[in-house]
Amino acid sequence: MKICVLVKEVPDAAVDKRIDPATGRLDRSGEANLNPYDTHAIEAAMQIREDEGNGIEVGEIVAVTMGPSGAERALHKAVSLGADRSIHLSDDALAGSDVAATGYALAKVLETENPDLVLLGQQSDDGECYTIGAVVADHLKMPSVTQVVKMVVTAGNAKCERQAEYGYDTVQVDFPAVISVGDAINEPRYPSLKAIMGAKKKQLDVKSAGDVGIDAGRVGTDGSKVSCGDFKAPPAKASGQIIEDEDTNDTVAQIVAWLEERKLIA
Amino acid sequence: MNFDLSDEHRLLRDSVREFAEGEVAPIAEEIDHNKRFPTEIIEKMGKLGWMGIPFPEEVGGGGGDSLAYALAVEELTRIDSSVAITLCAHTSLGTQPIYLFGSDEQKAEWLPKLCSGELLGAFGLTEPEAGSDAGNTQTRADLDGGNWNINGAKQFITNAGTDISGLVSITAVTGTDERGRKEISNLLVPNGTPGYEQGKQYGKIGWHASDTRPLTFTDCKVPEENLLGPRGDGFKQFLKILDIGRIGVAAMGVGLAQGALDLAIAYANERVAFGQKIGKFQAIQAKIANISSELEGARLLTYKAALEKDAGLDFSLTAAQAKLKTGRLAVWAAEEAVQIHGGYGWIDEYAISRLYRDAKILTIGEGTDEVQQMVIARKLGC
């Protein structure tokens with residue numbers, strides 16, 4: 001079995017995110033890190049490999065990213081966490097791609113790899129679109145399961161628990177498939193020093209848009225249907241109602257009345 | 001000059017940070033309160049290859065360098081000094097002597113187990129009347145029938161009395177040299193050797209979850225081949241070990257100051273007084289700005305010492321300067337951070353109170369500030 005894991009470099013969680021008004025894109029000048037959700041996807045791949053009871057021989061785990069040159073750092077982390085090799089799709093023509101264009105470009109890389117399973121984090125810490133998995137799956141003509149928090153994998157399929165507003169859906173999907181995972185699915189390991197020191201020795205292929213047959217007209221700012229601009233800060237929240245707790249019974253009654261008025265409790 | 005960390009250094013730093021925040025922070029208050037040595041954390045760090053960072057892979061080490069080691073120590077201290085000093089004393093003081101001066105047999109016997117964290121190493125230099133003044137060492141080792149017979153006492157020794165403590169390297173007087181001065185040698189004494197006893201844990205101001213004990217040696221016999229390096233080289237050896245150790249302790253000062261600053265900023269952005277967050281008051285901003293500026297200078301000095309060592313240069317002046325600078329910085333930064341916390345800084349539940357207690361030893365351990373000043377002044381020609 002071959003597993004490809006889609007990863008992304010995002011601004012570190014400790015960095016205050018802001019839109020660069022000049023470009024209308026996220027300001028990526030600060031510290032960056034591998035998208036935390038993607039570490040769960042790599043861990044999920046590693047657990048499939050290490051589970052001796054599932055009857056699956058994972059031949060290769062390949063980390064794939066699209067991004068500027070610095071994005072290689074995310075790939076180094078991905079291979080230190082267990083991926084065998086990595087692919088970096090990097091091309092000026094891709095800058096400014098929206099979700100649909102990015103999903104198309106990543107799918108073109110994946111076509112060259114022909115994986116049995118594509119894993120990815122359900123969302124990125126920056127764009128928070130939750131949609132790349134579905135777009136990639138559509139291009140690859142594979143089934144897509146998103147927001148998976150539990151996964152039991154056997155030779156031909158995966159039984160997934162998909163998080164939903166009302167609880168969980170249990171979905172069985174045949175391979176090949178694209179599965180995006182949530183952070184409740186596992187506890188990612190920490191990379192050992194040995195894995196860190198060995199990360200750069202693992203194969204990293206840099207590919208241009210042309211290398212994987214990407215139609216330049218379908219990517220980049222011009223190839224994207226979403227155009228960004230005219231950003232505004234969200235309206236400030238109205239200040240809440242503060243109830244001074246002078247008599248607790250009375251306070252409770254006031255809170256209950258407030259909730260009932262808005263039909264929040266029956 | 002290039003101030004960028006390599007990808008490997010960044011990855012290690014980030015991983016240790018995630019580990020410290022994810023695994024150590026949740027238990028830091030508990031192990032401090034209960035004075036519990038966190039064996040489980042040491043085991044995990046051992047599996048990750050972090051208990052032997054600066055030693056080559058051939059001897060079982062992590063294959064990193066001094067900068068990688070300093071970054072790891074810094075990130076651990078940012079969260080918890082007890083865990084950091086356990087790794088630091090084990091690496092710089094416990095394992096280093098065997099790596100630098102051990103025979104092939106000693107290296108093969110001890111380094112893989114020490115670097116993997118299966119066993120902890122300790123270094124026994126300080127005595128009731130001798131520490132940096134090692135010429136006054138009273139512990140004796142007499143060669144008798146193929147064994148060293150050791151008698152004496154050591155004190156303030158880290159890592160010697162845990163369930164996973166493997167051995168201690170001690171300085172002992174093994175005779176007199178041709179000029180009639182004490183001949184000092186280093187000897188390896190495995191835990192479990194009859195006559196080698198670890199006393200009760202000290203009550204300490206801070207570092208509550210680290211293992212610090214007095215040791216006694218009463219007709220304790222170890223084989224002749226437990227001598228570390230040539231006989232009479234002990235003085236030279238431990239000076240070298242302390243030089244290297246200062247880089248680790250300096251990294252602890254940087255990490256503690258960073259931890260104090262992080263806690264101070266978080267609190268200043270949360271606590272409201274007189275209708276605004278206290279971080280908006282100039283008096284608080286000045287404290288935060290000053291800590292941050294001093295810290296960045298101290299960090300660069302510490303990294304410089306590590307880089308000098310990694311480049312094979314003489315690093316002892318820079319390491320002593322870094323140790324002096326960072327110990328004082330840590331004490332001051334922790335005090336300022338407590339001040340920013342106001343009354344909460346005095347309360348156990350707030351991590352800053354632990355950092356405040358943990359800071360003071362950094363101007364004392366591994367050579368007091370006054371010893372660093374002596375080392376620095378001598379290096380400058382005084």
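Here is how names work: the chains are called A, B, and so on, in the same order as the sequence lines, proteins then strands, and each is numbered from 1. Treat the numbers as computed from the prediction; the structure is a model and nothing was measured.
Between R354(B) and E29(B) there is no salt bridge, since no side-chain N of the basic residue sits under 4.0 Å from a carboxylate O of the acidic one. At a threshold of 4.0 Å, the pair K113(B)-E118(B) does not count as salt-bridged, since none of the basic side-chain nitrogens sits closer than that to a carboxylate oxygen.
Most heavy-atom pairs under 4.5 Å with chain A: of the set R10(B), K47(B), M45(B), E57(B), this distinction falls to R10(B). Options S15(B), S6(B), A68(B) differ in how many heavy-atom pairs under 4.5 Å they form with chain A, and the most are formed by S15(B). Top candidate by heavy-atom pairs under 4.5 Å with chain B, chosen from E72(A), M197(A), R73(A), is R73(A).
E31(A) touches chain B through its side chain: at least one heavy atom from C-beta onward sits under 4.5 Å away, while N, CA, C and O do not.
Listed here is the closest heavy atom pair of A84(B) and T77(B): CB-OG1, 3.1 Å. A pairwise comparison of heavy atoms in M151(A) and I48(A) identifies CE-CD1, 4.1 Å as the closest pair.
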**Q.** Residues K17(A), E128(A); criterion salt bridge (Lys or Arg N to Asp or Glu O under 4.0 Å); working and verdict
**A.** CA-CA 12 Å; K17(A) 295 168 192 66; E128(A) 305 252 7; over 6 Å; no
Q: For salt bridge (Lys or Arg N to Asp or Glu O under 4.0 Å), just list the numbers for K44(B) and E40(B), CA-CA rounded to whole Å, side-chain angles, deciding distance to a tenth of an Å, and then say yes or no.
A: CA-CA 6 Å; K44(B) 285 179 188 173; E40(B) 74 281 13; over 6 Å; no
Q: Show your working on side-chain contact (heavy atoms from CB on, under 4.5 Å) between Y303(B) and E74(B) and close with a plain yes or no.
A: CA-CA 11 Å; Y303(B) 292 179; E74(B) 177 186 335; 2.7 Å; yes
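The interface of residues 74-86 of chain A with chain B, defined by heavy-atom distances below 4.5 Å, comprises H76(A), K77(A), S80(A). Contact annotation for residues 254-264 of chain B against chain A (heavy-atom separation below 4.5 Å): no residues qualify.
The shortest side-chain heavy-atom distance between L89(A) and I214(A) falls under the 4.5 Å cut-off.
Ring pair Y350(B)/Y267(B) is perpendicular by interplanar angle, where above 60° counts as perpendicular and below 30° as parallel.
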